[in-house]
Amino acid sequence: MPACDRSLARSHCGPAPSPLDSAAVLIAIPLETAPREQRVALIPEIVAKLVKAGFQAAVETGAGLRAGHTDDAYRAAGAAVAGDFASCVAGADVVCKVREPSPAEIAAIREGALLLGLLGRGEDAAQIDRYRARRLGVFSLNAVPRISRAQKMDALSSMAACAGYKAVLIAASTSGKFFPLLMTAAGTVAPSRVLVLGAGVAGLQAIATARRLGAIVEAFDVRPAVKEEVQSLGAAFVEMQLGDAGVGAGGYAKELDEQKNEQIRQTIAARLPNTDVVISTASIPGRKAPLLVTAQAVATMKPGSVIVDLAADSGGNCALTQAGQSVVHAGVTIIGPLDVAATLPAHASQMYSRNEYELIIHLARDGKLNVDFTDEITRGSCLTYEGRAPSQLAPVGKNA
Ligand code: NAD
């Protein structure tokens, strides 16, 4: 293991006793190893805030590099730098991740430690069993309730904003057309026409980005409440007279019946011959993404048109989407990118880091962990704690 600077963190690097207050909470920030992942859970600016608040930090060497942060920047923020995953997390009270740790990584985390990250909503039973076997306290930023008190922890919105922005850039760089209107000596170039499907956080950011590039934008969502937001960004709202049929609980959409889905598909299909770019973001929490664009409808688009399907990881809004791939059908390119926010590592890490910081602070009081299951955010975001399922957690405070 390369030599590491352990002047601040609790020592795992040698036999010398740590000069530190062993009661201080040690936060570990490992290097992300999932495919395509370039983000880091905590950037140096946030590490400095945590150290100032009485926490200690250890970062795995190179963890922040792809997001623009050197080991020296972490040292300057007060973190120790560890040479590998095992030495980074050894003795840590809180392990801060972006993506799920591998089974080997879970095995290296101290029994009973807290693990924070974009860790899903408990869909992967085998992974939950691994966490439980290690008695980890697992808190997922995917599962933080979207109540106004938790807005600062809303990593789903932060990452959706990154994805919506980047989807437009992917489309613009794939399309053979300018987005803006150009009037040149070589003639007038018409602006691109962009259709955004689903006007949640990602869709609204896609609309704003496509408008900034000068495209003519229209958008559709089953929730009529977003019409004003769409229009305020300079896009037209595609009306479908669905009433409140698609409005679910908590500001989310709900599944429509097949007749209404067919009505939506036909209305969208009628617009596609005049659309250069589709950015699709439509999704319903916990369900397969709604099918909005059929293969027949794609074939009516002009050759050279582009579809970027941000719903690719939940089945896709286009029938031809293949997750993680780019396919061409009748001259139309259909892109199903995965982990789009990870391709914007600097700002995605900055935003994610702030979200995770707020969750850490929420789970602590006066620099000490204080996991209180009477709290809605703590309960909602917990996947397992001390080997128990969230349903078995007594709503009483616990000091770690
Ligand atoms: P999402 O990713 O679940 O879905 C994206 C969009 O797809 C949504 O706008 C949804 O209405 C739309 N959609 C679903 N089915 C569709 C269909 N068949 N056709 C067209 N569009 C369809 O949503 P999101 O971006 O995570 O957020 C949705 C809403 O959640 C927000 O607009 C807001 O009201 C709420 N929200 C609240 C908070 C908060 O209070 N902290 C934070 C973020 C979002």
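By convention here, the first residue in the shown sequence is residue 1. Atoms within a ligand are numbered from 1 in the order they appear, just like the ligands themselves. Values below: all heavy atoms of this structure, side chains included; hydrogens, waters and symmetry mates excluded.
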Hey, which of Ile268, Asp309, Val308, Ile307 is the one that makes side chain to side chain contact (heavy atoms under 4.5 Å, CB included) with Val278? Ile307
Which residue and atom name correspond to the protein heavy atom nearest atom 42 (C) of ligand 1, and how close is it? Asp154 OD2, 3.0 Å
Residues that Glu37 engages under salt bridge (charged side-chain N to carboxylate O under 4.0 Å, His left out), provided they are two or more places apart: Arg39, Arg99
Report the member of Ser283, Ser314, Gly198, Gly200 with the shortest heavy-atom distance to atom 14 (C) of ligand 1. Ser283
Ion pair check, Arg265 and Glu262, cut-off under 4.0 Å: yes
For atom 20 (C) of ligand 1, find the nearest protein heavy atom and state the residue, atom name and distance (0.1 Å precision). Phe220 CE2, 3.5 Å
Specify the protein heavy atom at minimum distance from atom 28 (C) of ligand 1: its residue, its atom name, and the distance to 0.1 Å. Arg223 NH2, 3.8 Å
Closest non-hydrogen atom pair, Ile377 against Met153: CG2-SD, 3.7 Å
How far is atom 22 (C) of ligand 1 from its nearest protein heavy atom, and which residue and atom name does that atom have? Ala282 CB, 3.5 Å
Over all atoms of both residues, closest heavy-atom pair of Ser158 and Asn355: OG-OD1, 2.7 Å
Within reach of ligand 1, part of Pro290 (heavy-atom separation under 4.0 Å): side chain
Of all the non-hydrogen atoms in the protein, which one sits nearest to atom 12 (C) of ligand 1, and at what distance? Asp221 OD2, 3.2 Å
Is there a heavy atom in Ser157 that sits closer than 4.0 Å to ligand 1? yes
Is the ring pair Tyr385/Phe139 parallel, tilted or perpendicular, if the boundaries are 30 and 60 degrees? perpendicular
May I ask you to decide if Thr343's main-chain N or O and Lys166's side chain share a donor-acceptor pair within less than 3.5 Å? yes
So for atom CD, which belongs to Glu239, do other residues, nucleotides or ligands contribute more than 12 heavy atoms lying within a distance under 6.0 Å? yes
With a 4.0 Å cut-off on heavy atoms, is Leu292 touching ligand 1? yes
Nearest protein heavy atom to atom 17 (C) of ligand 1, by residue and atom, and its distance? Val222 CG1, 3.5 Å
Backbone N/O of Ala79 and side chain of Arg75: donor-acceptor pair under 3.5 Å: no
Among all the protein's non-hydrogen atoms, which is closest to atom 30 (O) of ligand 1, and how far away is it? Gly251 O, 3.8 Å
Per-atom contacts of ligand 1 with Val201, taking only distances under 4.0 Å to non-hydrogen atoms: 25 (O)
With a 4.0 Å cut-off on heavy atoms, does Thr281 reach ligand 1? yes
Hey, does Ala199 sit under 4.0 Å from ligand 1 if you only count heavy atoms? yes
Is there a path from Leu363 to Val98 through hydrophobic residues (I, L, V, M, F, W, Y) whose side chains come within less than 4.5 Å of each other? yes
Atom 40 (O) of ligand 1: the protein heavy-atom neighbour that sits closest, reported with distance to 0.1 Å: Arg146 O, 3.1 Å
Leu256 versus ligand 1: do any nitrogen or oxygen atoms come within less than 3.5 Å of each other? no
